[in-house]
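Note: hydrogens, waters and symmetry copies are ignored here, and every other heavy atom, side chains too, is used.
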Amino acid sequence: MATSIPPSSTTRARGAAIIPDDDDFDASAGPGPEVMDAATLIGDKVVNAEGESLGEIEAIMLDVRSGRIAYAVFSFGGFLGIGSKLFAIPWSALTLDAKEKRFVLNVSKEKLEKAEGFDKDRWPSMADTAWAIRVHEYYEVVPYWEDSRLASNPRTIRSFRDSTDESLGSTNRK
């Protein structure tokens, strides 16, 4: 079953977008989907926009200094968890499908297979800025630590990078 996601979901900054579970969503009715216990999201399935299974959420990583969710770590590939690879996905690259109780990541399986992943016993330093920038660029979202600066005009990572080059006086334009 294909999932319809907002066309701008991979171009925005901030947190994960939400597809509500119905048109009569009442935010005052209790927890979720706006505010949820992170533990309830562990094990949630991740699919792409075509509805193909990509894996499941293994961990949700908090940037302790900023108090913001930095990444969702999810597993992909392997058989019964053996040989699967872990991926850090920027939180803003995900869309919560509240009705189906899953996340949508708007990438193909082929792109995910080429993504930088890691083994469960050898995690990257998620505080490494160079690594974090590569991950955000790969999924074409503005880094979460920059999105408050761009909140009034969310853009893709490409336009973010271009505007940064301009503000720094870069002469590396073609």
Side-chain heavy atoms of Val46 within contact of Leu54, under 4.5 Å:
yes
For the residue pair His136 and Tyr144, categorise the inter-ring angle as parallel (less than 30°), tilted (30 to 60°) or perpendicular (more than 60°).
tilted
Phe74 and Gly55 have their tightest heavy-atom pair at CD1-CA, 4.1 Å
Are any of the side-chain heavy atoms of Tyr138 and Lys114 separated by less than 4.5 Å?
yes
Tell me whether Leu62 is reachable from Met126 by hopping between hydrophobic residues (I, L, V, M, F, W, Y) whose side-chain heavy atoms are closer than 4.5 Å.
no
When Phe87, Trp131, Trp91, Tyr139 are each screened for ring-ring contact (aromatic ring centres under 6.0 Å, His included) with Tyr71, the one that passes is Trp131
Can you name the nearest heavy-atom pair linking Ala38 to Ile60, along with the distance?
O-CD1, 3.7 Å
Are Arg102 and Asp44 close enough for a salt bridge, meaning some N to O gap below 4.0 Å?
no
Once rounded to the nearest 0.5 Å, what's the spacing between atom CD of Glu113 and atom NZ of Lys85?
9.0 Å
Other residues, nucleotides and ligands only: do more than 12 of their heavy atoms fall within 6.0 Å of NZ on Lys109?
yes
What is the minimum heavy-atom distance between Val142 and Ser92, and which atoms define it?
O-OG, 4.1 Å
Salt bridge (charged side-chain N to carboxylate O under 4.0 Å, His left out) partners of Lys111, counting only residues at least two apart
Glu140
Roughly how far, to the nearest 0.5 Å, is the CD1 atom of Ile69 from the CG atom of Leu41?
7.5 Å
About how many Å separate CZ of Phe103 and CG of Leu96, when rounded to the nearest 0.5 Å?
4.5 Å
Rounded to the nearest 0.5 Å, how far does NZ of Lys120 lie from CG of Leu86?
9.0 Å
Nearest-0.5 Å distance that lies between atom CG in Leu94 and atom CD1 in Ile57
5.5 Å
Interatomic distance, Leu112 atom CG to Asn48 atom CG [nearest 0.5 angstrom]:
9.0 Å
Step by step, work out the side-chain contact (heavy atoms from CB on, under 4.5 Å) result for Glu52 and Val47.
CA-CA 5 Å; Glu52 298 174 304; Val47 300; over 6 Å; no
